[in-house]
**Student:** 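Just passing along the structure, written as structure tokens.
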Amino acid sequence: MPHTETPGTEAVPATRMRWWTELPLILLVYACYSAGRLVVRGDVSDAVDHGLALLRIEKALYLNAEHPLNRLFTREPWIGIPADFWYASLHYLVTPALLVWLFRSRAVHYRAARTWLMTSTFIGLIGFTLLPTCPPRLLDPSHGFVDTMAYYSSWGWWGGEASAPRGLGGMTNQYAAMPSLHVGWALWCGVILWKHGRGRWTRTAAVVYPLVTTIVVMGTANHYFLDALAGAAVMGAGLLLAPHVMRYADVVKARFRTAAAAVPAASPATDAMIVSAGCQTSAGERIPRQRHPESRYGPGAEPGASPSEAGEGAPAPAR
């Protein structure tokens, strides 16, 4: 009877992911992300021009939600302070936690989700490189924005330069605002929770987390609304490219394994010298086509010996 799979289930991969290979890969991608933000600082004047251009576009399209949200976060500490903690911490806690959860509990879906996240992150690095953008909080105060991270810095571990710990703000690229990977990663978390989580509370968190993150990045004056849209677009592009990335990775692995298998280890049997030149010996032969004397004349007999000389125990000839 043929085996049928239950609809909606997937076959478990033949090679299970191992944490000691996954962890260095994730750390490598995050190191590239951090190094890209650090190295590609861009020209400050260009970054300011790009930020002002985004602000003008938003005002023309009546999408400028940053100003009212920023005024609310500055006026109400009970909103602004938790928002700063949200911005400075959850970005680095929730995403790795969901990766670990997928790895342990949803191994079938882990590789696709991880590849989607990493592909989108690399696309975001391209955006940082091509379009350095000054966030609203770093614009001239005449534009009406307050840096809530600096405003409430006495309440948290961050300083006035960035969401990094005090004294380390200069090690980050503060002009890496377009696209917003805070929003992009939060959207990834929401999709993962909605698709693979269970229960009403999980579905609620899947909607609330990316929505609140979008509000937080604008209210704290760290991103424009268009940055948030770009973050969502980057995740969409990463989702479309992830299957191709996995397929290419499989091809590379297959070629590597084929190349490794093409050089087998030397066998001891092949190292031994062959002296028979392809001839086979039969029973009783020491070398091909030469029988042992005992096999022709019997045990104890010699070639040319008569039956009487074959031995004392040889039977007498019949009369």
Side-chain angles (χ1 to χ4, degrees), residues 25-42 46-47 50-51 53-55 57-58 61 63 65-66 86-87 90-96 98-99 102 109-136 162-163 172-195 206-218 220-249:
L25 177 61
I26 294 174
L27 292 178
L28 175 63
V29 172
Y30 183 74
C32 293
Y33 166 71
S34 300
R37 286 171 55 98
L38 179 63
V39 173
V40 186
R41 293 178 180 272
D46 288 343
H50 294 156
L54 292 178
L55 195 58
I57 294 172
E58 289 186 1
L61 298 175
L63 297 175
E66 298 92 327
W86 184 294
Y87 181 85
L90 295 189
H91 181 59
Y92 304 103
L93 297 177
V94 176
T95 309
L98 281 179
L99 277 173
L102 278 176
H109 310 286
Y110 170 79
R111 186 187 179 214
R114 177 258 284 160
T115 305
W116 173 25
L117 178 65
M118 293 182 176
T119 303
S120 302
T121 300
F122 277 115
I123 297 175
L125 290 178
I126 296 174
F128 298 157
T129 304
L130 299 179
L131 193 66
T133 303
C134 179
S163 59
T172 63
N173 179 11
Q174 300 190 73
Y175 300 103
M178 169 64 81
S180 172
L181 287 184
H182 269 78
V183 173
W185 286 13
L187 181 60
W188 178 87
C189 294
V191 172
I192 295 303
L193 286 173
W194 183 274
K195 187 176 180 180
V207 176
V208 170
Y209 181 60
L211 180 61
V212 173
T213 299
T214 303
I215 295 173
V216 163
V217 300
M218 292 190 295
T220 56
N222 279 284
H223 289 282
Y224 304 94
F225 179 70
L226 290 179
D227 294 343
L229 289 182
V234 161
M235 298 309 296
L239 180 62
L240 294 176
L241 291 175
H244 302 286
V245 173
M246 289 190 294
R247 192 176 303 115
Y248 179 75

**Student:** So which atom in Cys189 and which in Val94 form the shortest heavy-atom distance, rounded to 0.1 Å?
**Tutor:**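 Between these two residues, the closest heavy atoms are SG-CG1, 3.9 Å.
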
**Student:** Let me see the working for Ile57 and Tyr224 under side chain to side chain contact (heavy atoms under 4.5 Å, CB included), right down to the final yes or no.
**Tutor:** CA-CA 11 Å; Ile57 294 172; Tyr224 304 94; over 6 Å; no

**Student:** Do you know which two heavy atoms are closest between Leu226 and Glu58, and how far apart they sit?
**Tutor:** N-OE2, 2.9 Å

**Student:** Taking all non-hydrogen atoms of both residues, which atom of Gly127 and which atom of Pro179 are closest, and how far apart?
**Tutor:** CA-CD, 4.1 Å

**Student:** Leu93: which residues meet the side-chain contact (heavy atoms from CB on, under 4.5 Å) condition with it, sequence neighbours left out?
**Tutor:** Ser89

**Student:** In Å and rounded to the nearest 0.5 Å, what is the CE to NE2 distance from Met178 to His223?
**Tutor:**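 The NE2 atom of His223 is 10.0 Å from CE of Met178, to the nearest 0.5 Å.
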
**Student:** CG of Leu181 to CG of Asp227: how many Å apart, nearest 0.5 Å?
**Tutor:** 10.5 Å

**Student:** Roughly how far, to the nearest 0.5 Å, is OG1 of Thr220 from CD1 of Ile215?
**Tutor:** 11.5 Å

**Student:** Looking only at heavy atoms, which two atoms of Leu102 and Ala113 are closest? And how far apart?
**Tutor:** CD1-CB, 3.6 Å

**Student:** Taking all non-hydrogen atoms of both residues, which atom of Thr119 and which atom of Ala242 are closest, and how far apart?
**Tutor:** OG1-CA, 4.5 Å

**Student:** Nearest 0.5 Å, please: how far is CH2 in Trp116 from CG in Leu241?
**Tutor:** 12.5 Å

**Student:** Indicate whether the side chain of Ser120 and that of Trp185 have a donor and an acceptor atom separated by less than 3.5 Å.
**Tutor:**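 Result is no, nothing qualifies.
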
**Student:** Would you give the length of the straight line joining atom CG of Leu54 to atom SG of Cys134, rounded to the nearest 0.5 angstrom?
**Tutor:** 10.5 Å

**Student:** Does the side chain of Thr213 reach to within under 4.5 Å of the side chain of Leu90, using non-hydrogen atoms?
**Tutor:** no

**Student:** Between Pro135 and Asn222, which heavy-atom pair has the shortest distance, and what is it?
**Tutor:** CB-O, 3.3 Å

**Student:** Do Tyr209 and Leu193 touch side chain to side chain, with heavy atoms closer than 4.5 Å?
**Tutor:**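 Not touching, per the 4.5 Å side-chain cut-off.
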
**Student:** So, Glu66 side chain and Pro136 main chain: donor-acceptor pair closer than 3.5 Å or not?
**Tutor:** no

**Student:** Counting distance only, does the side-chain N/O of His182 pair as donor-acceptor with the main-chain N or O of Tyr87 below 3.5 Å?
**Tutor:** yes

**Student:** How long is the span from the OG1 atom in Thr95 to the CG atom in Leu99, to the nearest 0.5 Å?
**Tutor:** 7.5 Å

**Student:** Just do the side chain to side chain contact (heavy atoms under 4.5 Å, CB included) check on Trp194 and Val207 with the steps written out, would you?
**Tutor:** CA-CA 8 Å; Trp194 183 274; Val207 176; 3.9 Å; yes

**Student:** Are side-chain heavy atoms of Thr115 and Arg111 found at a separation under 4.5 Å?
**Tutor:**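 Contact flag for Thr115/Arg111 side chains = yes.
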
